[in-house]
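Scroll down for the structure; my scribbles are underneath it.
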Amino acid sequence: MNYENCTLCPRQCKADRTAGQTGFCGAPGQALVAKTMLHQWEEPALSPNGKSGAVFFGGCTLRCRYCQNAAISRKPAGKAVDSRQLRAILEDLIAQGAENIDLVTPTHYLPTILPALEPKLPVPVVYNCGGYEAEETLQTLAGKVDIYLPDLKYADARLAKALSAAPDYFEKTTAAIREMVRQVGEPKFDGEKMVSGVIIRHLILPGFVENSLTVLDWIGETFAPGQVLVSLMRQYTPMPGLPAPLDRKVTDEEYEAVLSWMYLNDLEGFIQEDSAATADYIPDF
């Protein structure tokens with residue numbers, strides 16, 4: 001695995017990033033770390049004490065029009081690091097009390113990240129991604145990632161194309177999630193803290209309740225109760241310049257409809273209150 005002829009994500013750009021070429025993600029042939037922090041807003045099972053050791057990487061393999069991290073995702077930003085330097089960053093977060101290592105949007109930098117994960121860290125490694133992953137790439141993570149935290153944003157291909165430039169999103173992401181579950185199995189805990197398993201995040205989008213219901217149907221039909229956890233997110237915050245209905249927050253009626261469907265599908269996991277839908281929760285990049 002390297003940055004030449006890059007096929008790390010489903011877009012299969014085959015850009016030679018070592019020669020200055022950039023594919024869809026725009027990322028160079030070196031990892032860019034945009035921010036590190038003890039993040040207190042991740043799911044409570046990941047960090048019961050509110051100290052998730054987050055490492056935000058610059059760039060992204062999606063192009064979500066409503067992205068809250070657009071400052072670092074659309075034009076890759078951050079400090080260039082090699083594997084040795086990244087390992088030092090991870091160890092420093094653990095020394096500060098991090099309950100996990102939370103790799104945020106990491107896929108396009110795996111040639112740098114994988115060596116930094118050896119030897120095994122003393123806390124769980126969380127793979128926090130948009131879900132749009134290549135199965136072959138995920139297979140290289142077996143034994144190195146403890147908890148997968150993918151999004152499952154869309155079941156509707158037209159919506160995925162319009163909002164994230166990924167019409168094959170559902171096909172690729174559902175296959176990726178199956179691979180994640182195959183690797184780490186059902187959720188396991190040490191007291192209140194999750195130490196392995198998969199949490200599927202779904203962000204409710206205003207005006208697109210049917211998309212959310214279909215996403216939850218797939219999870220309920222694919223996995224046994226408790227085999228995966230679901231994080232139902234109400235935190236959608238309109239970014240400037242978006243058209244209706246993306247220019248508003250999720251309504252109480254929309255949220256209640258999706259929440260009820262989650263329970264009808266016997267899905268377990270986490271939910272968010274209305275107070276989460278604010279820019280206060282967006283990291284300062």
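Heavy-atom basis, side chains included; hydrogens, waters and symmetry copies ignored.
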Donor + acceptor pair across side chains of Asp146, Ser196 (<3.5 Å): no
Atom of Ala116, atom of Ser83 and distance for their closest heavy-atom approach: CB-O, 3.6 Å
Which residues share a side-chain hydrogen bond (donor to acceptor under 3.5 Å, both in side chains) with Ser231, sequence neighbours left out: Glu43
Tyr255 reachable from Val215 in the ILVMFWY side-chain graph, under 4.5 Å edges: yes
Flag for Asp102-Asn128: side-chain donor and acceptor within less than 3.5 Å: yes
Nearest heavy atoms of Arg74 and Cys64, plus distance in Å: NH2-O, 2.7 Å
Carboxylate-amine/guanidinium proximity below 4.0 Å for Arg11 and Asp168: no
Plane angle bin for Phe57 and Tyr109 - parallel if under 30°, tilted between 30 and 60°, otherwise perpendicular: tilted
hydrophobic_cluster_shared for Phe24 and Leu32, side chain cutoff 4.5 Å: no
Glu135-Gln139 side chain donor-acceptor pair, cut-off 3.5 Å: no
Leu149 with Val181, same ILVMFWY side-chain cluster at under 4.5 Å: no
Main-chain N/O of Thr7 paired with Gln12 side-chain donor or acceptor, under 3.5 Å: yes
Intermediate values then yes/no, salt bridge (charged side-chain N to carboxylate O under 4.0 Å, His left out), Asp252 and Arg234: CA-CA 10 Å; Asp252 290 342; Arg234 192 183 180 174; 2.4 Å; yes
Between Thr61 and His108, a side-chain donor and acceptor under 3.5 Å: no
Heavy-atom side-chain proximity of Lys144 to Val125 below 4.5 angstrom: no
Tyr169 vs Leu62, side chain to side chain contact (heavy atoms under 4.5 Å, CB included): CA-CA, chis, key distance, verdict: CA-CA 9 Å; Tyr169 179 89; Leu62 292 171; 4.0 Å; yes
Expected output: side-chain Glu256 to main-chain Glu253 donor-acceptor under 3.5 Å: no
Parallel, tilted or perpendicular, as decided by the 30° and 60° cut-offs, for the rings of Phe56 and His39: tilted
hydrophobic_cluster_shared for Ile147 and Met233, side chain cutoff 4.5 Å: no
Tyr154 and Ser164 side chains, donor-acceptor separation under 3.5 Å: yes
Distance-only polar pair, side chains of Thr112 and Tyr3, donor-acceptor under 3.5 Å: yes
Distance, nearest 0.5 Å, that separates CG of Leu117 from CG of Leu86: 7.5 Å
N-O pairing of Arg87 and Glu118 below 4.0 Å: no
Same apolar cluster: Val258 and Leu152, side chain cutoff 4.5 Å: yes
